[in-house]
Amino acid sequence: MVDTISRIVVGCTAFNDKKLPILKKPESLKAPLIELSEIKHLGKLNVRCGKKNRDALGKLIHCNLPIQINQINSKAGRFAISLGPDEYLILAEPGSENQLEKTLNSSDISKYISVVNVSDALCAIQISGPKVRDVLSKGCAIDFHPDSFYKNKAVQCDLALANIVLVCLEENEFIFICRTSFAEYILDWFIDASYEYGIFVSDGI
Amino acid sequence: MNRLLSHRISSNGAVIDRQKLVHFEFDQKKYTGYEGDTLASALLAHGIHLVGRSFKYHRPRGIFGSGSEEPNALVRLIGDKSSEPNLRATQIEIYDGLIAESQNRFPSLKIDFLSINNVFRRFFPAGFYYKTFMWPASFWMFYEKLIRKAAGLGKLSKKYHRPERYEHKYAHCDLLVVGSGAAGLQTAIIAAKSGARVVIADEQHRFGGWLLTDNDFNINQIPAASWVHETVKNLQSAPNVTCLSRTTVSSMMDDNFVIMAERVTEHLGKKDMLLPKQRLWKLRASKVILATGAIERPLVFSGNDLPGIMLSSAIRTYINRYDVLSGRRAIIFTNNDDAYFTALAIHKAGGFVRCIVDLRVNPKSQIITKVRKIGINILAGHAVIAAHGLRHIASVDIAKYNSGKQAPTSSILHMDCNLLAMSGGLNPVVHLHSQRKGKLVWDERTSCYRPDNKSDEWVSVGAANGTFELERIFIEATKIASTTIMKLAKENNKIKTKELVTVPQIDKDKQNWTPLPTWLIQAGQPHVSDKTAFVDFQNDSTAADIKLAVKEGYSSVEHVKRYTTTGMATDQGKTSNINAIGILASCLNKSIAETGVTTFRPPYTPVSLGAIAGRNIGGLFDPVRKTRMHSWHQSNGAKFEHVGQWMRAWYYPRDGESFQQAVNREVYATRHYAGLLDASTLGKIEVKGPDSAEFLNRVYTNNFADLPIGKARYGLMLKEDGMVFDDGVTTRLAEDHFYMTTTTGGAAGVLSWLEELLQTEWLDLRVYLTSVTEQWSVASLSGPNSRSILTACMSENKNITDDFPFMTMKKSFIAGIPARIFRISFTGEMAFEINVPARYGAALWSHLMKIGKEFNLTAYGTEAMHVLRAEKGFIIVGQETDGTVTPHDLDMGWIISNKKSDFIGKRALERKSMNEPQRKQLVGLLTADPSKVIPEGAHAVLDPNQEMPMEMLGHISSSYYSPNLKHSIALALLKGGLNRKGQTVYIPMLDGQQPIEAKIVDPVFFDKKGERLRG
Amino acid sequence: MLKIKCPFCGVRDESEFSCGGEAHIARPTTDLKLTDKIFSEYLFMKYNPKGVFLERWCHTSGCRRWFNLARDTVSHEIIEIYPMGVFPKTVKGKKAYQANWRRKSKYEAVSKPAKRTKK
């Protein structure tokens, strides 16, 4: 029984109803300048904790929680993104989130923190390419100048009509996290906004 | 040379390419021009002045200006699939295949039937619209149609789908320079050297501003044109500078949030381009330098709107930029030195300047001497008191003029001409300054309103600042650029201040910038009327209108503006405002400074609606959110309805079923066998922390502190005013951990409200809230067979369903999927809400449908859900409630705990008015005719035969046909309804239909004892 | 559109925020036994001054945190941004707090709002 289900589950991601891959580009271009893909089934935990327990929590996660807001820390495949003064989003390798949730919820500090599995509520999408900042600036009011949006910076903001968490991994490489039900809208938006640059949407990682 | 191009002169225009011929069409006639021409310059090259009819009187109007100030030459561009009205011919660059037509004329420009209005001008005085509105209302219906036909500007494209792309773009910079004339270029180049992020924008297609028109001198020992070329090249190659031509800065708002419309490919007229037609920039600039230049003022005299009468600066622009001489027999009418440069230009271009009529009695300067030497006749201390002509200027009347009016004894000089250049001084373009609430000061020396320049965030420079002499403009621009850079450097250490800054040196004929302010040419002749002395050309308001307004008691500049509509057209009075103020001031015997000035508001020039919408159109208009079961619904023929942004399965019609048939079948199946609803869109919030129970106690009306672990409870949430805000079931997962559900539409609002309470009201409560709406997919399994289906689906612990009481929660596995199963019901049947992590949502649904087949499981949509809950009298927040309904009004007093000392809304519910017996209260209605379904939203009355307006008893909030009762049922909120059970009410219908009769009953129509629910 | 400096996320556009109206209105507890009239001062009456106004804002599209803000309703100048549960520190902010009619209202006299200095 479990087997029959899991086969259905594998295909069930944020871009549920889209036929991937998608390639759209102007004829004049050899290759599209934007690439987009979902990072499927990435573990995501929303963690709430005050300053007192921040370091202890970091140890349990094996990745320190950032002290500054709008920052990410990463270690051993885990990312900790600060979302607010006492709120963090932990990205963990697919499948590890349930164990991590259990570990945190059975720890000494579990009383003072909140750990909620949001792996399926949110989806992570990677976007890259030489024109990625230009495309983002068509729908997002954040300053994308490399001097002000640099590596390891994260912001929560609006992209067109959706709310996202945007993380800069490299100069031309970003990850954003949004509510799953907005993923299709955002994909449509990116395909449209990349009109002059061309876009390749792969089936995801 | 083609005879039709006879208005082209032989010199080499600065901005057109004489090698590239362009073909275009205007009013069904084919013409040619050159690349770089505007529609206006190309038409003038063919001797065409007449391009439109005026707004009110349908008077013939010609090209008047040369840029965004143009009030007359509004045309419509015709595209393949759409058209765009009200574009200024002076700003449209021509391209091969361009098709334009004139507006406001019927049937053609030369013969306009509606110009009859011109004859009946006395019926359209100032305040015409206000006066007409005062007539008996019944007359208005008749007038409206006529006015709508005659008035207005242009016509909209009837096709709402535009094939062109309009895009939005956000940007940030340290410094925005608006305008690329001498002042703009000088400030931008200094800023560029500092390393600051600079954006320079200009509405024209080429940088240079006024230096494109006047450039027969040297800057720093090189020709002015070369200096412009070099400077622009340097700006374009600087990595920290963004140069935006064809970009109109239309609005400047708080904290230098600037909206700019860039015409990216509009001027190319090509299809299938990668770039958008227009790009709307939303720019945030630390500092803004406004180098927006100045606009020439017309002079106000009788007949001043005839085609062939143009702004002096425009005539010079057409000669110097486009090689177009707008007329060969010219008269210049001026109150300042600048028009003498136009006289020189016309003379050089081979035109004949008959005379210069100068209002000043004894004008003197370097340039005047030069003009006099050429032999041009100067009539100092004279005025043009009237212009004559049918569809073009033919002659003028000139008379001696002093002390603000025609000299009494003077004889009239008649002079023929086909071009009149007028110059009444310059108005700095202060629009953006004014939009930011910047104040204006009246400058006596230059007789203009200039910005007070008191802000730290933006500054005006050059002509925009009332500095009109080039050598002074360069000094000022250099100084202001340096100070601005210093300020920026304080905030950003990457900006360097130590750059060598020099003021460009020029060798230009000196002019004396002291115009003689003259607002209205007062003729002493009885036959010369100021009823044709136009102030606002676009809205057709005249000096006589302003005088009339004053006579009727208007004295405030803001009132006169609205009463006469002066300055309220699409050009926002760019050429008319100051003249209007001047005339008003003299009528009131006040100075201009005392009279004051009206406020300019965004946008500077109209912005296309397409640009405002950007790409938020079609499929991107609003995000559509789908559940994980969506594909199943779709492939099983579901019809969908939008609930907020969510798309929910509404009903699932099977072969040929009507809406009602499908809903009836789904409702019947759920009551008799089992039904499955996709309830994934319900809002879900995890509430965690030691004070969670206390928190829920405060936000719900009923008690949650005593809720045992594993149990669920229905809760009602009020706002502080005691009105129902949301409802849902909350389950205790652990001592300090709850799982709350909200309505679909209320999810975001509830989370925000709860966060607000925690962060602003109860800072001492240790509670964390996390939205998990999309973490869980929810299938609601309902009906007598639901337990059997659930048992069959369990992959382990099949026996847990044996002991699964109402309002409890169990965790288990369904087909191997970890699930939270809640025994709760919104249908009144035994029901289980199965929550699984969303990735398994689709799998769960398919599995349940497969296993459920032998139990007659039917998928039902939101419509059947509504019927099922209405049969039980369950409310829906937002349908039975509208923010004015208390729990008592819903007869839900039972849910209000009287043990709790406090909860949100408790005190408000105790207010006297909340217990008023005549409040609208929730009741059920059964129609006399069981098949008649009352329309939702209809109103009920006690006596259908009473006179109108009838006394309303209340409204119908929900109404359906119940297949289980075989009867139409409805829920209604009626005044004092709880005490009216058994009474008969009537629902009057539209269109002469008979009122529907109904009996007031208890809102629970089905299984009143709730036996099926708990069974 | 204003620029607002979220105490946590930094300077962002006004469109990312929502305004929650007047600040420093203490919610009365039911044990105060307020009359309907005095309670209605709390429930319905809101201040709308010309000049400096103390209001609550939330960074809705960002960190979803609430904070207080002193803003001039004429010039839109933001004078001070300060956390929930504390009082303004600037001279203008303090003055605006005192100038509010609510300070002299019957409601505040009766309710003596609990000093919320907790951070």
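So that the names make sense, note that chain A is the first sequence line, chain B the second, and so on, each numbered from 1.
Within 6.0 Å of the NZ atom in B:Lys719, the count of heavy atoms belonging to other residues, nucleotides or ligands exceeds 12.
For B:Ile904, the parts lying under 4.5 angstrom from a heavy atom of chain C are both the backbone and the side chain. Looking at C:Asp13, both its backbone and its side chain come within 4.5 Å of chain B, counting heavy atoms on both sides. With a threshold of 4.5 angstrom between heavy atoms, B:Lys912 approaches chain C through its backbone and through its side chain. Using a 4.5 Å cut-off between heavy atoms, C:Phe67 makes no contact with chain B at all. Residue contact with chain B, scored on non-hydrogen atoms closer than 4.5 Å, involves the backbone of C:Val74 exclusively.
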Checklist entry - Could you walk me through whether C:Tyr42 and B:Arg907 pass the side chain to side chain contact (heavy atoms under 4.5 Å, CB included) check? => result CA-CA 11 Å; C:Tyr42 157 74; B:Arg907 175 61 188 86; over 6 Å; no
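Rounding to the nearest 0.5 Å gives a distance of 12.0 Å between OG1 of B:Thr760 and CZ of C:Arg65. Between B:Phe257 atom CZ and C:Glu14 atom CD the span is 10.0 Å, to the nearest 0.5 Å. A distance of 12.5 Å separates CE of C:Met84 from CG of B:Leu758, quoted to the nearest 0.5 Å.
When all heavy atoms of B:Ala908 and C:Leu43 are compared, the pair lying nearest together is CB-CD2, 4.3 Å. Residue C:Leu2 comes nearest to B:Asp254 through the heavy atom pair CD2-CB, 3.8 Å, listed as atom of the first residue, atom of the second, then distance.
Contact annotation for residues 33-40 of chain C against chain B (heavy-atom separation below 4.5 Å, listed by residue number): C:Leu34, C:Thr35, C:Asp36, C:Phe39. Scanning residues 49-57 of chain C against chain B with a 4.5 Å non-hydrogen threshold yields C:Arg56, sorted by number.
For chain C, the option among B:Arg284, B:Lys437, B:Arg911, B:Met253 with the highest count of heavy-atom pairs below 4.5 Å is B:Arg284.
Using a 4.5 Å heavy-atom cutoff, the side chains of B:Asp255 and C:Met1 are not in contact. Residues B:Asp902 and C:Arg27 are in side-chain contact: their nearest non-hydrogen atoms beyond the backbone lie under 4.5 Å apart.
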